[in-house]
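The structure appears below as structure tokens.
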There are 2 protein chains.
Amino acid sequence: MKFEAFKDSVRLSMEDICEEFLARNRDRIKVKKDRVAVKNLAKIFEATLRVSNEKGFASMSLRDLSREAGLSMGALYSYISSKDELLDMVQQQGRSLVFKILGEHIEEIPDPREKLKAGIQTHLYLSEVVQPWFYFSYMETKNLPRGVHRKAIEAELFTEKIFAGIIEEGIGKGLFRKVDPQMTSAALKAMLQDWYLKRWKHERRRLSVEQYAEFVIELMSAYLDAKEEKGG
Amino acid sequence: MKFEAFKDSVRLSMEDICEEFLARNRDRIKVKKDRVAVKNLAKIFEATLRVSNEKGFASMSLRDLSREAGLSMGALYSYISSKDELLDMVQQQGRSLVFKILGEHIEEIPDPREKLKAGIQTHLYLSEVVQPWFYFSYMETKNLPRGVHRKAIEAELFTEKIFAGIIEEGIGKGLFRKVDPQMTSAALKAMLQDWYLKRWKHERRRLSVEQYAEFVIELMSAYLDAKEEKGG
DNA sequence: AAATATCGAGCGAGCGCTCGTTTTTAATGT
DNA sequence: ACATTAAAAACGAGCGCTCGCTCGATATTT
């Protein structure tokens, strides 16, 4: 699948995301009119991601956020109940995005080779479309309070298990050689994360997400297909 | 080289590191007696890394640091001139560590294959010995003020260029197939970074740094040695 | 007893957050 | 069409507190 096709098929503008968020969290938003709420939530999320990804969530004051979102302190507090809750809101929405989109795009592919390719592509394409969410989730995980921190760790392991499962199935069917699925999946994940963590680098190099996806798929294929023999 | 041998050959206890730091920054430490200065610098660096890596540098107050290091606010300010400078001190010392050790361990190896292996091993072993420094450098880079931020980015590209250079040389000598050295090096770097960024994961899995090094070397070899043919 | 090192209360600024007030919105009666 | 009005939303000065940082007093070393 091409990136542009993917981008069009998923509806993930900031407003779309906020609409979904509002539906799932209608009770904790004090503002009653959906149209108003979605519009301002979009402002708040956008500003939170922009400012936080620049200087870190802890260093973003609510006055910064208020100014950047174009809302007063009071208005801000009609949408969040505390700064900590805001952190949780962004994290939660980011995670639910991954589950939904990644699941949708690979669940019905029977061939492990194709499934692995689709998984790599989907992860990269998705992280390209919603890069600020991915970056935020990654960088602000460690600062979370205990309970929420575990949720984030589980999410990290969740995607890893998906890829490990595909690799294991491929080994079982004799398509891949006998590698360690867990380690291989971990390495793959590291490469996927590199795409959204070091975006400045890839941009500077004029590297497209499609090129990167192809590279990662080729590298993984080389490892999974290599002959067992160890000649030197 | 085995990890234990590496660990013994490099002298990188907290006191060793602080001694070197003091020598290179004698002018900006107000305390005059070296013995005292090194002892307290060690306390400060240790506490900074421990607290920052737990909750983030921005969220670590100097009162936290003062308490954890066992020094009063006043004493603290005999060693640092501001919180920002402390951030810079830790970053700088972390970087100079990598340059020195990585350079020492690979500069005189002629064979690209062996040089690549040594580079991977050294990077992983070093990041294992001084993990808190590596983790701190990675996580606290984005919060740096403009000028210092560029230094950190250059450092990121520096190590990448080392590996890209080795790969390029290997291709030139016909030892590796014609891959993109820059992308390959970037992917390798992502896997090396994963080792110190996700330590909790690898620890939980009882994975040793030697096992991980072997895995990364094997994966890279599979890619670099693979036949050009693209059969399905 | 002079030099060196440590101490910690205190400063002004800025933090997260609140709440009495003002402005905007939209349904109503004429 | 327009004035009325109550609900809804937005406002921002101000609260208690903690922040980074200073400095005169005190303790330790030589």
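In what follows, chains carry the letters A, B, and so on, assigned in the order in which the sequence lines appear, proteins first and then strands, with residues in each chain numbered from 1.
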Inset, instruction - Could you tell me the separation between the NZ atom of Lys30(B) and the OG atom of Ser81(B), rounded to the nearest 0.5 Å? - result: 6.5 Å
Inset, instruction - Rounded to the nearest angstrom, tell me the gap between atom CG in Leu62(B) and atom P in dG8(C). - result: 16 Å
Inset, instruction - Counting heavy atoms from C-beta on, name the nucleotide in dC7(C), dT18(C), dG8(C) closest to the side chain of Met73(B). - result: dG8(C)
Legend entry - Sugar-phosphate only, base, or nothing, as touched by Asn40(B) at under 4.0 Å among non-hydrogen atoms: sugar-phosphate
Inset, instruction - Show your reasoning for whether side-chain hydrogen bond (donor to acceptor under 3.5 Å, both in side chains) applies to Trp133(B) and Gln93(B). - result: CA-CA 8 Å; Trp133(B) 296 83; Gln93(B) 191 60 17; over 6 Å; no
Legend entry - Toward the 5' end of DNA chain C, by each residue's nearest nucleotide, Leu71(B) or Asp64(A): Leu71(B)
Inset, instruction - Choose from dC17(C), dA5(C), dA9(D) the nucleotide whose nearest atom is closest to any side-chain atom of Lys83(A). - result: dC17(C)
Inset, instruction - Take the protein atom OH of Tyr77(B) and the nucleotide atom C1' of dC7(C), then report the distance between them rounded to whole Å. - result: 15 Å
Inset, instruction - Measure the distance from CG on Asp34(A) to P on dA8(D) and round it to the nearest whole Å. - result: 14 Å
Inset, instruction - Could you check whether Ser78(A) gets within reach of a base, just the sugar-phosphate, or nothing at all, counting any heavy atom under 4.0 Å? - result: nothing
Inset, instruction - Round to a whole Å and report the spacing from CG of Leu86(B) to C1' of dC21(D). - result: 14 Å
Legend entry - Whole angstrom value for the distance that separates P of dA5(C) from NZ of Lys43(B): 14 Å
Inset, instruction - Report yes if at least one side-chain N or O of Lys33(B) is closer than 4.0 Å to OP1 or OP2 of dT4(C); otherwise report no. - result: no
Inset, instruction - Write down the distance between CG (Leu65(A)) and P (dG14(C)), rounded to a whole number of angstrom. - result: 18 Å
Legend entry - Touch class at under 4.0 angstrom, heavy-atom based, for Ser66(B) against every strand present: nothing
Legend entry - Check ion pair Glu156(B)-Arg204(A) (N to O, under 4.0 angstrom): no
Legend entry - Interatomic distance where CG belongs to Leu87(B) and P belongs to dC21(D) [whole Å]: 12 Å
Inset, instruction - Assess whether atom CZ of Arg11(B) is packed by more than 12 heavy atoms of other residues, nucleotides or ligands within 6.0 Å. - result: no
Legend entry - Length of the NZ-C1' vector between Lys32(A) and dA9(D), whole Å: 11 Å
Inset, instruction - Establish, with yes or no, whether the OP1 or OP2 oxygen of dC7(C) is under 4.0 angstrom from a side-chain nitrogen or oxygen of Ser72(B). - result: yes
Inset, instruction - Give a yes/no answer on whether the side chain of Tyr79(A) brings an N or O atom under 4.0 Å of OP1 or OP2 in dA10(D). - result: yes
Inset, instruction - Between Ser59(B) and Arg35(B), name the one whose nearest nucleotide on DNA chain D is closer to the 5' end. - result: Ser59(B)
Legend entry - Interatomic distance, Leu76(B) atom CG to Leu65(B) atom CG [nearest 0.5 angstrom]: 5.0 Å
Inset, instruction - Report yes if at least one side-chain N or O of Ser61(B) is closer than 4.0 Å to OP1 or OP2 of dT18(D); otherwise report no. - result: no
Inset, instruction - Could you check which of dA10(D), dG20(D), dC17(C) has an atom nearest any side-chain atom of Arg63(B)? - result: dG20(D)
